[in-house]
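Lettering of chains follows the sequences in order, A, B, ..., and the numbering in each one begins at 1. Just so it is clear, the structure is predicted and the values come from calculations on it, not from any experiment.
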There are 2 protein chains.
Amino acid sequence: MPTSADVARLAGVSRATVSYVLNNAASVRISEPTRLKVRQAAEELGYVPHAAARSLRAGHTRIVLLAGWHVRVGPPYGPFLGELQAALHRMDYTVVQYGSPGLSGDEAARAWAELRPVAVISVGGVVLSAHNVETLKRAGARAVVTVGPTRVPGAHALVLDQAEVGARAAAHLLERGRRRIGVVVPEEGGLEPFSGPRLEGARRAVRAAGAAGVVALPMACTEESAAALAAGWRSGGLDAVFAYNDEYALLLMAALHDAGLRVPADVAVIGADDLLLGRLLRPRLSTVRFGMPTGERLAELVDRAVREPADPAGAAERHGPAAAEAVRREST
Amino acid sequence: MPTSADVARLAGVSRATVSYVLNNAASVRISEPTRLKVRQAAEELGYVPHAAARSLRAGHTRIVLLAGWHVRVGPPYGPFLGELQAALHRMDYTVVQYGSPGLSGDEAARAWAELRPVAVISVGGVVLSAHNVETLKRAGARAVVTVGPTRVPGAHALVLDQAEVGARAAAHLLERGRRRIGVVVPEEGGLEPFSGPRLEGARRAVRAAGAAGVVALPMACTEESAAALAAGWRSGGLDAVFAYNDEYALLLMAALHDAGLRVPADVAVIGADDLLLGRLLRPRLSTVRFGMPTGERLAELVDRAVREPADPAGAAERHGPAAAEAVRREST
DNA sequence: TTGAAAGCGGTACCAG
DNA sequence: CTGGTACCGCTTTCAA
């Protein structure tokens, strides 16, 4: 691969001049003929600058590290992350995906810091400590943003209060007169940061209402698992279920139907995340929708944090939880 | 951020020694006490090596560039890409996501080459020329893999013959005795590399069978758009539809149902990609399934290409298309 | 207007 | 066994 020295040689100028020309350096005037020679030489050699060398010299990168993307990234995160990525790209950042299955906070922070990202966005998954955030900041991160149920000192937090989702679902079921409520908990790994709070939120809401409590129902995202759960339903005596997610809800609903139970007459079913498919199946699925911020908005937040040198500690944590609301359709 | 020089100073050794210790250099023997001093110093300072500096010196990176991830990345690509990413991570590669909306092949190749990736995986989207592949290889890419309908000279190709999908769908509908066939084409941007060949394949299959031809039906992935399409259905006189995708198929099926048409009596509907939800809705949706390679397999292919210095030109293109087959359920 | 040279952080050769 | 040092490719003062 040709280097800037090769271009300089071919153009008959110094490496400095090459750099000035190709970066349109404003602080220095280069004659038009020289510019042309340099441009042609670069073109001819197919010169492409070396990003690592540049950022080594510059002392900082334009890397935004997007961490903790699970294999199972269900809606509404998929579209959200897509938007985020596109927006950051438009702002000229290099988005580096970093899946970190099974890494501890310390290991993850170290691995991420090696890249010297200018910002880190941690989506679910890895739980960072204040010390980890400190490590990242010292490594050049001007912004560390966590998206998820927890809040880390020192980091911007886009709190997604999953407990609120569970609470709304339970409240809705209670309102509809149900009392014996089950909560489907996914058996798939990696969803605990979401499923745990959802279950807990439902539990709290039910307790607050003076009802008996909720029953956790492990289930995998397969037809077989749903059928197994539905088969034992009558003996459980539950009259309502909050199914973590619309996907799980629909699976279970189909299985309950096949097992001869009527929805919502025998069992009320509510999901979450307001997926499109919830409106396709009949009865239409009730769900809990929660206002996910747009990817663009988070991208702007990151961009601002990167540019603002002053990062008042107070401002770091003021990004409130998005509101959740139950949407009643036909299944409850 | 502390550098290896800081660690060396604190430990009272040279930078070279620090490097040897922290990288467990096998070619050199360092005394145990020294190792300990270095380790402690590094720990104490919270030293994290600088990836860019390292790869600048090494002359190569462990970056695998995953390019062309669209915002709307529908199944079965989502899970596939997730697996791929996880597998590469396990093999100790750094996966860099690079969305390139609206970039030409030349621009994209340049931008990618700046990162000096050791491998490039281009998923749909950007169309690379042989020259672009050459640029990337010169920039250090030991493997360039394209995943999608087209095949680029010089690159490994994981051909996903979308035309075959369309052809199978159409053939299935013809077999079921249908003659006037519509093909839903998504209005959403970014899907053309997939939707175009699917339409074309269906068209060819219908022509080959001596039938009249197919009608392209633009539709967005929303209830409204589906309803609009369904509303004008009777005047179109079509007795079957291939709907690009199970998602579009289900939307349309629900809309047709609401418009008073019976599936499959009045209209046969077939989708593609064999999504889970196609088995939840009744009637169960017929679909075209095609064997997507697992992410693990592609990761291994990349890994092998990276390690094998010899890359016989003949081997570069032998990765055949995955087979597609129609799965009949209840909607056709 | 252009060139020479220092140095970003880390690695690996060679000398001691 | 360890230290000195050259160098990876690029940017950016400082001089000419």
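Side-chain atoms of B/S129 and B/N132 include a donor-acceptor pair closer than 3.5 Å.
The phosphate of C/dA12 (OP1 or OP2) has no side-chain N or O of B/S19 nearer than 4.0 angstrom. Between B/Y20 and C/dC13 there is no side-chain N or O to OP1 or OP2 distance below 4.0 Å. At least one side-chain nitrogen or oxygen of B/T17 sits closer than 4.0 Å to the OP1 or OP2 atom of D/dG3. The side chain of B/S31 contributes no N or O atom lying less than 4.0 Å from OP1 or OP2 of D/dC1.
By the 4.0 Å N-to-carboxylate-O rule, B/D106 lies too far from B/R110 to be salt-bridged with it. Salt bridge status for A/E296 with A/R90: present, with a side-chain N to carboxylate O gap under 4.0 Å.
The nearest whole Å value for the distance from the CZ atom in B/R9 to the P atom in D/dT2 is 19 Å. Taking atom CD of residue B/E114 and atom P of nucleotide D/dG9, one finds them 15 Å apart after rounding to whole Å. The CG atom of B/N24 sits 12 Å away from the P atom of C/dT11 (whole-angstrom rounding). Protein atom CG of A/L45 is 14 Å distant from nucleotide atom P of D/dG9, rounded to whole Å. The CZ-C1' distance, from A/R54 to D/dT12, rounds to 14 Å in whole Å. Separating the CZ atom of A/R138 from the P atom of C/dG9 is a distance of 14 Å, rounded to the nearest angstrom.
Using a 4.0 Å heavy-atom distance criterion, A/S55 is classed as making no nucleic acid contact. At the heavy-atom level, A/S27 lies nowhere under 4.0 Å from the strands shown.
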Between the protein and nucleotides 5-8 of chain C, are there any N/O to N/O pairs under 3.5 Å, and if so, what are the atom names and distances?
from	atom 1	to	atom 2	distance (Å)
C/dG7	N2	A/R57	NH1	3.1
C/dC8	O2	A/R57	N	3.4

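Nearer to the 5' terminus of DNA chain C, by closest-nucleotide assignment, is the contact made by A/I30 (compared with the other of B/H50 and A/I30). The nearest heavy atom of DNA chain D to A/N23 and to B/R29 marks one nucleotide each, and the one closer to the 5' end goes with B/R29. Nucleotides of DNA chain D nearest to A/M1 and A/V28 differ in position, and the one nearer the 5' end is that of A/M1.
A/Y98 and B/H89 make their closest contact through CE2-CE1, 3.1 Å (heavy atoms, listed as atom of the first residue, atom of the second, distance). Of all heavy-atom pairs between A/V18 and A/S4, the closest is CG2-O, 4.0 Å.
No donor-acceptor pair closer than 3.5 Å links the side chain of B/T17 to the backbone N or O of B/V13. One N or O on the side chain of B/E107 and one on the backbone of B/S104 form a donor-acceptor pair closer than 3.5 Å.
Taking only side-chain atoms of B/Y47, from C-beta outward, the nucleotide of C/dT2, C/dG10, C/dT11 with the closest atom is C/dG10.
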